[in-house]
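Order of listing sets the numbers, starting from 1, for every ligand and every atom in it. What you see below is based on every heavy atom in this structure, not just the backbone, and it leaves out hydrogens, waters and symmetry mates.
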Amino acid sequence: MSRTSIVAGNWKMNLDRGAAEALTKAVAAGRDQAGDVDVVLCPPSIYIGTVGTALSATSGGSPSGVGLGAQNMSEQASGAYTGEISAGMLVDMCCGYVILGHSERRTLMGETDELVAAKVKAALTAGLTPIVCVGEQLAEREADRTHEVVSTQVRGSLAGLSADELAKVVVAYEPVWAIGTGKVATPEQAQDVHALIRSLLTEMASPEVADGIRIQYGGSVKAGNAADLAAQPDIDGALVGGASLEAEGFLAIAAAFR
Ligand code: PGA
């Protein structure tokens, strides 16, 4: 099956409102160079409205051809959860995607596979496409535990989903040692784990469903290394942090996945 690649910019806690708007407009203006690749922007939550307006996004999509996503959300639907944002609110603000279980949330905010799984379920119920992040720490790779750690995260973070639900998920493999460090995994290292993830999805759903699921690579992806990653059979896009804060480089990465 030919999968439509997906390249998402994770802006993390960067930019101000004016810079977010300017970057959005620059990405929308150059979006065509990415062809039929799905291009998604994930701004800080407080700027989702600003970015959505700049994209002219509606609940039915975005005429700019650039999707809108959040970086996190609550697993709860509504209620007394001060500071939290629900999946329904993200849909209301025209988001189509949400990053869940990013390693910064796992390590800095203590998010567990169980919590991530609850968020994934809530996102799917609301009609969002979850981008579910997994990846090993440096010490785990050095101890030759990468497959074990990633397997546990994939099974745990996607627990309780039907095959139909799994078909709607995007998985992002982000080795923690490669995030923001400039140390990108080699294409072979990345492909090895992507193939593992697809085999896990085959067991959890079916070969047909696993074949259709997009698996992104993340961790120091840049315009200069994207083509080698894109050439791997099981790498279907990228989750881009630092390099997504500048339109030209981000769009060059997206274009590499055409
Ligand atoms: P990076 O971040 O591209 O800056 O390494 C990737 C991510 O954390 O999603």
Examine Ile179 against ligand 1 and note whether any of their N/O atoms are separated by less than 3.5 Å. no
If we only consider heavy atoms of Ala243, is any one of them less than 4.0 Å away from an atom in ligand 1? no
Pair Lys12 + Glu104, salt bridge at N-O below 4.0 Å: yes
Answer with yes or no whether the side chains of Tyr217 and Gln189 bring together a donor and an acceptor at under 3.5 Å. no
For the 3.5 Å polar cut-off, considering only N or O atoms, please tell me whether Gly242 and ligand 1 meet it. yes
Could you tell me the separation between the CG atom of Asn14 and the OH atom of Tyr47, rounded to the nearest 0.5 Å? 10.5 Å
Electrostatic pair Arg198:Asp236 at N-O distance under 4.0 angstrom: yes
Tell me which protein heavy atom sits closest to atom 9 (O) of ligand 1, plus the residue, atom name and distance to 0.1 Å. Glu174 OE2, 2.7 Å
List ligand 1 atoms under 4.0 Å from Gly219, heavy atoms only on the residue side. 5 (O)
Could you tell me, atom by atom, which parts of ligand 1 come under 4.0 Å of a heavy atom of Ala178? 5 (O)
I need the contact type for Asn10 against ligand 1. Using non-hydrogen atoms and a strict under-4.0 Å cut-off, is it side chain, backbone, both or neither? side chain
Among all protein heavy atoms, pick the one closest to atom 3 (O) of ligand 1 and tell me residue, atom and distance. Gly241 N, 2.9 Å
Are any of the N/O atoms on Thr181, whether in the backbone or the side chain, positioned under 3.5 angstrom from an N/O atom of ligand 1? no
Please confirm whether the backbone N or O of Asn225 pairs with a side-chain atom of Asp228, one donor and one acceptor, at under 3.5 Å? no
Checking Asn72 side chain against Ser45 main chain: does a donor-acceptor pair fall under 3.5 Å? no
Counting only heavy atoms not in Gln76, do more than 12 fall under 6.0 Å of its CD? yes
Decide side chain to side chain contact (heavy atoms under 4.5 Å, CB included) for Leu23 and Phe250; before the verdict, give the C-alpha distance in whole Å, the side-chain angles of both, and the deciding distance to 0.1 Å. CA-CA 10 Å; Leu23 179 54; Phe250 177 63; over 6 Å; no
Taking only heavy atoms of His102, which atoms of ligand 1 are found under 4.0 Å from at least one of them? 7 (C), 8 (O), 9 (O)
Within a distance under 4.0 Å of any heavy atom of Lys12, pick out the atoms of ligand 1 and give their elements. 2 (O), 7 (C), 8 (O)
With the threshold set at 4.0 Å, does a side-chain nitrogen-carboxylate oxygen contact exist between Arg17 and Glu21? no
Taking heavy atoms and a distance under 4.0 Å, where does Ser244 meet ligand 1: side chain, backbone, both or neither? neither
Do Gly180 and ligand 1 have an N or O pair less than 3.5 Å apart? yes
